[in-house]
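Whatever order the structure lists ligands and atoms in, that order sets their numbers, starting from 1. Note that the structure is predicted; figures quoted are calculated from it, not measured.
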Amino acid sequence: MSNYKQRVQYLWQRPKPVVVVGAGLSGMTAASYLTQAGVPVKLFEALDRVGGRTYTEQDKLGPVDHGAGYIGSTQTAVEALLEELNVKTHKVPGPDLLYTLSWGGKVYYMENVLQELLHDRLEWQESAAITQAIGDIYQKGEIIRSESGDPWNSKNSEILEWDKMTVQNWIDSMFPRIGNKFDNARTIFQFICRIPLGVEAHETSFLYFLWYFRNGSGLVQLLFPAQDKIVVGGTQQLSEKMNAQLPKRSQAQLNTPVLSINNDDSSKVVITPADGYPIEAERCILAMTPHTRDYIAFRPLLSPMYHKLPQRTPMGTTIKIHLFYNEKFWRVGKKLNGNATIFDGDSISQTYDCTAPGETPCLQAFYVGEVGRRMAMMDPAAREKDAKATIGKIFGNPEKANANIGYSEFIWENHPWIGGAPTGTCAPGTLTCYGNAVRTPTGRIHFASTETAQDWTGYMDGAIRAGHRAASEVLKELGKPEPKPLPPVPNVINDDLKMLNDMVNATNEKVNDSARETKNNQVRVCSYSPGLRITTINSPGSNPTIRISSSFQRPSDMEQAQQFLTQRFGNLSVGLEKFFSANKRKDKGLIAGLNKLQESIAAIGLQ
Ligand SMILES: Cc1cc2nc3c(=O)[nH]c(=O)nc-3n(C[C@H](O)[C@H](O)[C@H](O)COP(=O)(O)OP(=O)(O)OC[C@H]3O[C@@H](n4cnc5c(N)ncnc54)[C@H](O)[C@@H]3O)c2cc1C
């Protein structure tokens with residue numbers, strides 16, 4: 001049927017259809033549930049394909065996922081959809097082989113990256129501070145969850161404060177610049193922000209970061225198991241299969257961006273796509289990333305909260321490239337799994353072996369955040385050359401890394417209707433001031449897209465959940481039964497906290513070990529309260545000295561340390577006060593205060 005005839009049919013159709021804008025996973029999910037409930041649907045897609053940020057190119061060497069590629073263990077909505085559509089997954093090569101970590105000009109091959117990194121590669125003070133900071137993220141995430149999950153509904157003053165900060169502000173407060181003492185920790189947390197969001201720590205709201213990680217089952221799940229499996233044949237087929245299952249007239253009308261929406265009439269909403277034929281609809285679901293809502297002319301203009309939100313939700317930058325090889329050279333000799341994290345440097349920041357069963361060996365690599373923005377301006381040959389140089393270095397085989405038989409890439413920055421990857425982010429002040437416009441319907445307009453999800457925000461799983469939620473809202477309005485709920489996200493926070501706790505204990509063991517080791521040299525760690533270490537050094541032939549090192553992360557650490565010192569040494573009036581007031585101000589008096597405290601303790605004598 002021609003578009004024109006189809007449209008005439010819709011103009012006269014009663015009941016009026018529901019219009020879904022965007023045929024990514026979220027829009028496809030919404031359209032599926034609506035049509036299953038017998039609601040007529042019209043689905044518009046700006047691109048010449050369905051799938052949005054799931055885009056599988058059928059390269060001659062094998063399918064390549066330029067967008068979403070991985071799923072993880074608590075992503076039960078996407079698991080259920082895969083099963084329903086009979087699509088198989090494949091576990092990425094994992095723990096039986098070694099993981100690669102490149103850091104500070106050195107390359108390490110590890111069995112358990114988190115554990116080995118914290119336990120073996122870092123000084124104990126730094127690893128203690130890092131585990132403490134991870135705990136802080138979990139703790140704050142739980143506060144957000146317990147307050148309805150949507151930070152914009154919260155009156156909790158702490159939550160409001162977190163939205164005034166960038167992630168970098170939090171990093172600075174947790175890991176103050178004391179020489180280069182916490183440089184590694186700072187690098188790690190900047191990386192933790194950059195990798196999943198595609199933006200730098202100084203660009204993003206700390207509240208948004210906490211919300212995102214909590215919605216993704218916590219930091220550990222999001223950084224590790226979320227990349228457990230790939231979808232055999234690529235992720236775009238999910239949308240393609242769902243589209244094929246829709247009644248013919250509800251299937252996505254491609255190459256047809258919606259340009260304007262008239263939400264003036266309380267009995268209908270009028271949608272005008274690029275082909276110029278307006279459609280009267282019962283309701284409309286916008287299933288696109290929030291910043292692209294701004295591409296639509298709303299009449300009348302949406303209220304300020306709604307039209308300002310898109311201006312504050314910039315997309316991240318993630319360039320995903322694929323290199324095909326004749327063999328998995330990273331396996332030979334070193335037995336590497338091909339998965340690498342490159343903490344510093346100006347090049348790719350991660351690699352994965354994304355080879356599907358029976359396919360040509362393929363390594364995937366990512367340019368992210370600031371580096372991604374810069375690399376996006378170079379030509380493909382320069383990116384390929386740069387990535388191969390880094391891969392050769394980290395896997396210890398430049399010659400083999402250079403011998404790729406194919407290369408494929410996609411620059412989401414240049415994509416007119418998406419404009420970046422992997423997700424829309426939030427600048428400070430966005431969630432608390434404009435958050436209500438994320439998913440609350442306005443008039444007859446409803447909102448889907450992964451950015452509006454309450455679980456796995458930013459991921460395919462979140463996109464499906466958001467589509468399901470938006471369809472449920474519309475069905476409720478239409479007086480129709482809502483679809484059955486999606487499988488809930490299992491709560492694994494406690495398991496992860498237990499694992500972290502074990503790591504803290506391992507770190508404490510390490511502290512004890514270091515105390516024991518140094519005892520023979522007459523160096524003794526006398527105390528440890530968070531952020532404070534007192535050591536006595538008795539070198540033969542010289543006066544005994546007391547060394548104090550401090551690295552307070554939170555005001556409560558300082559209070560604890562102050563309490564500890566007062567209990568232990570009584571009232572060290574001069575030193576203690578100077579030390580703590582300087583510490584609170586973080587000014588130059590800190591060193592003077594520290595010296596004074598050291599002197600005072602020495603004067604009293606340390607038993
Ligand atoms: C490089 C990259 C890597 C990723 N990795 C993963 C991963 O490993 N695992 C994971 O779970 N997720 C990953 N994601 C995220 C995942 O792809 C998204 O969360 C999900 O696909 C979003 O689906 P959506 O339907 O919400 O939005 P989209 O897929 O963006 O769909 C929105 C659609 O709306 C269309 N549109 C926009 N404006 C209009 C208009 N005016 N009229 C008509 N159509 C319009 C767009 O063209 C688009 O097709 C990744 C994303 C990228 C880009």
Parallel, tilted or perpendicular: which one describes the rings of [X] and [Y], with boundaries at 30° and 60°?
X: Phe410; Y: Trp412; result: perpendicular
X: Tyr212; Y: Tyr208; result: tilted
X: Trp330; Y: Phe395; result: tilted

Show which atoms of ligand 1 fall inside a sub-4.0 Å distance from at least one heavy-atom site of [X].
X: Ser449; result: 26 (O)
X: Thr450; result: 19 (O), 22 (C), 26 (O)
X: Phe44; result: 43 (C), 44 (N)
X: Thr54; result: 21 (O)
X: Gly24; result: 25 (O), 29 (O), 31 (O), 33 (C)

For [atom], closest protein heavy-atom neighbour:
atom: atom 34 (O) of ligand 1; value: Gly22 CA, 3.2 Å
atom: atom 30 (O) of ligand 1; value: Arg53 NE, 2.8 Å
atom: atom 23 (O) of ligand 1; value: Ala463 CB, 3.5 Å
atom: atom 53 (C) of ligand 1; value: Ala421 CB, 3.2 Å
atom: atom 36 (N) of ligand 1; value: Met288 CG, 3.8 Å
atom: atom 19 (O) of ligand 1; value: Gly458 O, 2.9 Å
atom: atom 4 (C) of ligand 1; value: Ala68 CA, 3.4 Å
atom: atom 48 (C) of ligand 1; value: Glu45 OE1, 3.6 Å

Please say whether [X] places an N or O atom under 3.5 Å from an N or O atom belonging to ligand 1.
X: Met460; result: yes
X: Gln75; result: no
X: Ala46; result: yes
X: Gly69; result: yes
X: Tyr70; result: yes
X: Leu25; result: yes
X: Asp461; result: no
X: Val258; result: yes

When you look for heavy atoms under 4.0 Å from ligand 1, do you find them on the side chain of [X], its backbone, both, or neither?
X: Trp412; value: side chain
X: Ala448; value: neither
X: His66; value: backbone

Sidechain N-carboxylate O distance under 4.0 Å for Asp265, Lys268: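 Yes.
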Answer yes when Arg383 and Glu409 have at least one side-chain N-carboxylate O distance shorter than 4.0 Å, and no when they do not.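 Answer for the salt bridge query: yes.
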About how many Å separate CG of Leu431 and CZ of Arg312, when rounded to the nearest 0.5 Å?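 Nearest 0.5 Å value for the CZ-CG distance: 12.0 Å.
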Just checking, is any N or O donor in the side chain of Arg469 or Ser26 under 3.5 Å from an acceptor N or O on the other one?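 No donor-acceptor contact under 3.5 Å links the two side chains.
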Examine the side chains of His66 and Glu57 and answer whether a donor and an acceptor come within less than 3.5 Å of each other.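 Result is yes, a qualifying pair exists.
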Residue pair [X] / [Y]: nearest heavy atoms and the distance that separates them:
X: Cys354; Y: His322; answer: SG-CD2, 3.9 Å
X: Asn215; Y: Thr457; answer: ND2-OG1, 2.8 Å
X: Thr351; Y: Ala365; answer: CG2-CB, 4.1 Å

All ring pair (Phe, Tyr, Trp, His ring centres under 6.0 Å) counterparts of Phe189, not counting sequence neighbours: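 Testing Phe189 for ring pair (Phe, Tyr, Trp, His ring centres under 6.0 Å), a comparison that skips the adjacent residues, returns Trp170, Phe175.
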Any residue meeting ring pair (Phe, Tyr, Trp, His ring centres under 6.0 Å) with His446, in chain and number order, not counting sequence neighbours: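 Checked His446 against ring pair (Phe, Tyr, Trp, His ring centres under 6.0 Å); zero matches.
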Could you check whether any side-chain heavy atom of Met242 comes within less than 4.5 Å of a side-chain heavy atom of Leu85, counting everything from C-beta outward?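 In short, these two side chains touch, coming nearer than 4.5 Å.
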Check whether any side-chain heavy atom of Phe298 sits under 4.5 Å from a side-chain heavy atom of Ile445, and report yes or no.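 Answer yes - side chains close enough.
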Do any heavy atoms of [X] fall under 4.0 Å from ligand 1?
X: Gly51; answer: yes
X: Leu47; answer: yes
X: Val21; answer: yes

Under 6.0 Å from the ring centre and within 45 degrees of the ring axis: does the NZ or CZ of Lys328 meet both conditions for the six-membered ring of Tyr325?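 The answer is no; the distance or angle limit is not met.
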